[in-house]
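Reading through the structure tokens given below for one structure.
The sequence lines fix the lettering, A, B, ..., with proteins before strands; numbering per chain opens at 1.
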Amino acid sequence: MNQAVWAVCFALFAVGLSLLILRRELLVMLLGLELMVNAANIGVVYGASLTGDAAGLSAALLIIAVAAAEAVIGLSLILRVYQSGRSPESDVLRELRG
Amino acid sequence: MVHAAIILAGVVAVVFAGLMATQRSLYACSVCLLAVLLQTAAIFYFLGAPLVAFLQVMIYAGAVMVLVVVTIMAAPAENPQALRKPSMPWFLAVLGILAPLGEAAWALSRGGLPQAAGWGASAAQMQVGTVLFGPYAVATEAVGFLIFLSALAVVDLNRSQL
């Protein structure tokens, strides 16, 4: 059981990391990042369930809130890229304007 | 039985995470992520943390996925011919629908939390409020302020559109 939960955690984290590294579309990279955060959250909740620690569950809730805030900012930036007409690929957006 | 449910939810989550990596369509990728998030919520529930599972569904699978869909709607249009073909085999789509329904039906038939699993999360979550506004009060307020700042940042980024 212990190995199964950690295997799921690491598998989800690895898939998220591969999406972040291998894909060029900004939105897919952000979805990979969300997958990584979820994988970490599974580990936190599992640790809290083993020890009966309320602080672990609280940390999981704070992680969900922080990840939601980060997703909002990232999606807003991606939306601006779409609206500006530029290509939403990370290797094209290499220079800051100014 | 609870261990089997957790392992099933984990396997389905990993399968759909793998599908995410192979999808070319943004919409299909986000639907696969939605399936992963629902299975993650199921894992939280079967570990005896229904509060975290509920908030996972409400915030992540609800609010964040709605924002993702709105962003995809603003994306450049995909090739209409490519959208006519289903993006995943039909049995995986059926699995993605039946897995959360089956887990919910099993949980309801058991009549409550998996107390017999011997995990302490169900007792610990009674103290989450006390911990969040006690020892972790500064962190809780900081996260609330961060969410407020993210809302301000979104308004500022799109100021020219308003």
Could you look at [X] and say if it's the side chain, the backbone, both or neither that has a heavy atom under 4.5 Å from chain B?
| X | result |
| --- | --- |
| A:E34 | both |
| A:I42 | both |
| A:L19 | side chain |
| A:A71 | side chain |
| A:A4 | side chain |

Engaged part of [X] at the chain A interface, taking heavy atoms whose separation is under 4.5 Å:
| X | value |
| --- | --- |
| B:T140 | both |
| B:L33 | side chain |
| B:L67 | both |
| B:V154 | both |

Applying side-chain contact (heavy atoms from CB on, under 4.5 Å) between A:V5 and each of B:I43, B:I7, B:I6, report the one that passes. B:I6
Check: A:S76 side chain, A:I73 main-chain N or O, donor-acceptor pair, under 3.5 Å: no
Counting heavy-atom pairs under 4.5 Å with chain B, the top scorer among A:L61, A:V72, A:I78, A:L79 is A:L61
Let's test your reading of the structure: which of A:V15, A:L27, A:N41, A:L75 forms the most heavy-atom pairs below 4.5 Å with chain B? A:L75
